[in-house]
Enquirer: 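Could you have a look at this structure, given as structure tokens, before my questions?
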Amino acid sequence: MPELPEVETVRAGLAKSITNATVTGLRIHDPRSLKRHLSGVQDFQKKLVGSKVLDVVRRGKFLWLPLGGGTTALVGHLGMSGQMLVRTPEFPEDKLNRVTIEFETKAGEALELRFVDQRIFGSLAIDDLTQTRDGGAGGFSAGKNRDKPWENLIPISASHIARDPLDEAFDKKAVIEKIRNRKSGIKRVLLDQNLLSGIGNIYADESLWLAKLHFDRLADGISRAKLGELLDISNQVLKAAVSQGGTSFDQQYKNVNGESGFFSQQLYAYGQTDKPCARCQSPIRRQAWANRGSHFCPKCQRPS
DNA sequence: AACACATCCTGACTGC
DNA sequence: TGCAGTCAGGATGTGT
């Protein structure tokens with residue numbers, strides 16, 4: 001599913017419903033969803049149940065919920081098909097639910113967080129928080145609060161993830177220089193979460209269409225000015241998609257209430273195979289690429 | 001370090 | 001209806 005805008009929509013939903021809630025129980029329906037918690041499901045349960053959720057933080061496509069004393073967090077990644085649904089206990093069972101976390105909110109209400117994931121590429125884990133590499137904030141969470149002791153911490157398992165284009169501390173100039181040192185095609189570079197995070201197949205294709213760049217254009221052959229334009233475009237696309245609650249193509253992406261996002265109505269390239277390019281009317285093409293697909297306009301986006 | 005690939009999985013959908 | 005084939009918003013470990 002989910003790239004930055006979808007994960008941010010989930011983050012905001014979780015923050016609203018379970019900040020300051022306490023974990024009262026755990027039901028594991030498929031332990032494979034906890035495979036990234038290396039010390040086993042017993043340990044996961046022991047560290048989670050009884051903890052209070054202090055905050056909900058995101059960097060790129062990683063989410064984490066600082067717990068208890070603020071030195072550990074529940075780390076979630078949605079992979080290709082993960083959903084985090086917030087339900088009341090009476091709400092009918094959700095299909096493909098892998099893990100249920102039971103909460104009591106500050107107001108005393110019982111809620112469940114259901115981790116639904118068709119393909120099981122997503123995961124939940126408890127991880128220790130560590131200082132960020134650049135000393136800045138770990139990630140984004142609403143309401144800046146310098147009193148949050150976990151402000152400048154990040155889960156060890158996400159500490160290699162670069163800042164995303166919506167991050168206040170995103171260093172555009174530095175990222176441009178790094179891109180200029182890459183000999184891969186520009187799309188591969190855009191998808192490299194160690195260089196900049198949050199962009200996946202949809203928003204890569206959209207950004208490249210808007211910038212009129214072919215996905216296989218060698219990154220080191222693109223001017224600094226053009227790369228700056230591309231990063232600005234990515235920033236705008238991600239922001240616009242966040243404002244629409246993300247992109248829902250099928251039943252895979254839903255917010256915490258099980259609702260779809262609306263950004264699919266504003267896509268120019270991704271999923272638009274054979275439809276006319278909005279600029280030049282040439283049919284958009286889908287080309288097999290790196291075990292997935294690239295959507296582009298063969299006229300507006302030339303390989304060289 | 002950087003790069004290209006294979007791999008982890010299930011279910012929905014298409015066409016015969 | 002059944003069955004094979006195709007497709008899917010991602011990260012990671014591997015060998016070079």
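Just so we're on the same page: letters track the sequence lines, and every chain starts at 1.
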Enquirer: Any side-chain to backbone donor/acceptor pair from A:Ser248 onto A:Gly261? Under 3.5 Å, distance only.
Expert: yes

Enquirer: Which nucleotide sits closest to the side chain of A:Lys61: C:dG10, C:dT12, B:dT10?
Expert: C:dG10

Enquirer: In whole angstroms, how far is the P atom of B:dC9 from the CZ atom of A:Arg119?
Expert: 12 Å

Enquirer: Would you kindly give the CZ-to-P distance between A:Arg292 and C:dT12, to the nearest whole Å?
Expert: 13 Å

Enquirer: Please work out if A:Lys178 contacts a base, only the sugar-phosphate, or nothing of the nucleic acid, heavy-atom cut-off 4.0 Å.
Expert: nothing

Enquirer: Distance check needed: C:dA11 C1' versus A:Leu4 CG, whole Å only.
Expert: 16 Å

Enquirer: With both distances kept under 3.5 Å, what pairs with B:dT14, Watson-Crick or G-U wobble?
Expert: C:dA4

Enquirer: By a strict heavy-atom criterion of less than 4.0 Å, which residues belonging to residues 188-201 of chain A are in contact with DNA chain C?
Expert: A:Gln193, A:Gly200, A:Asn201

Enquirer: Which of the following nucleotides, B:dT10, C:dG10, C:dC7, is nearest to the side chain of A:Gln118?
Expert: B:dT10

Enquirer: Expressed as a whole number of angstroms, how long is the span from A:Lys95:NZ to B:dT10:C1'?
Expert: 12 Å

Enquirer: Hey, does A:Phe249 reach any base, or is it just sugar-phosphate, or nothing, if we go heavy atoms under 4.0 Å?
Expert: base

Enquirer: Can you tell me, in whole Å, how much space there is between the P of B:dC9 and that of C:dT14?
Expert: 15 Å

Enquirer: Okay, side chain of A:Gln193, backbone of A:Leu191: is any donor-acceptor separation there less than 3.5 Å?
Expert: yes

Enquirer: Counting the atoms with a prime plus P, OP1 and OP2 as sugar-phosphate, which does A:Lys183 contact under 4.0 Å by heavy atoms, base, sugar-phosphate, or nothing?
Expert: sugar-phosphate

Enquirer: What does A:Arg182 touch in the nucleic acid at a heavy-atom separation under 4.0 angstrom: a base, only the sugar-phosphate, or nothing?
Expert: sugar-phosphate

Enquirer: Specify the separation, in whole Å, of atom CD1 of A:Ile186 and atom P of B:dC3.
Expert: 11 Å

Enquirer: Does the ring center of A:Tyr203 lie less than 6.0 Å from the ring center of A:Tyr270?
Expert: no

Enquirer: Take the protein atom CG of A:Asp117 and the nucleotide atom P of C:dA11, then report the distance between them rounded to whole Å.
Expert: 13 Å

Enquirer: I'd like to know if the side chain of A:Asn97 reaches the main chain of A:Arg114, judged simply by a donor and an acceptor atom lying under 3.5 Å from each other, with no hydrogens or angles considered.
Expert: no

Enquirer: Between A:Gln301 and A:Leu213, which heavy-atom pair has the shortest distance, and what is it?
Expert: NE2-O, 2.9 Å

Enquirer: Closest-nucleotide mapping onto DNA chain C: is A:His160 or A:Ser248 further toward the 5' terminus? I mean the 5' end.
Expert: A:Ser248

Enquirer: So, is the end of the A:Arg59 side chain (NZ or CZ) under 6.0 Å from the ring centre of A:Trp64 and within 45° of the ring's axis?
Expert: no

Enquirer: Give A:Asn291 one of three labels, base, sugar-phosphate or nothing, depending on what nucleic acid heavy atoms sit under 4.0 Å from its own.
Expert: base

Enquirer: Mind calculating the distance between OH (A:Tyr270) and P (C:dC7) to the nearest angstrom?
Expert: 12 Å

Enquirer: Is it the case that atom OH in A:Tyr268 sees more than 12 heavy atoms from other parts of the structure closer than 6.0 Å?
Expert: no

Enquirer: Considering only B:dC3, B:dC9, B:dG11, which nucleotide approaches the side chain of A:Leu96 most closely?
Expert: B:dG11

Enquirer: For the pair A:Glu177 and A:Arg180, find out whether any cationic side-chain nitrogen is under 4.0 Å from an anionic carboxylate oxygen.
Expert: no

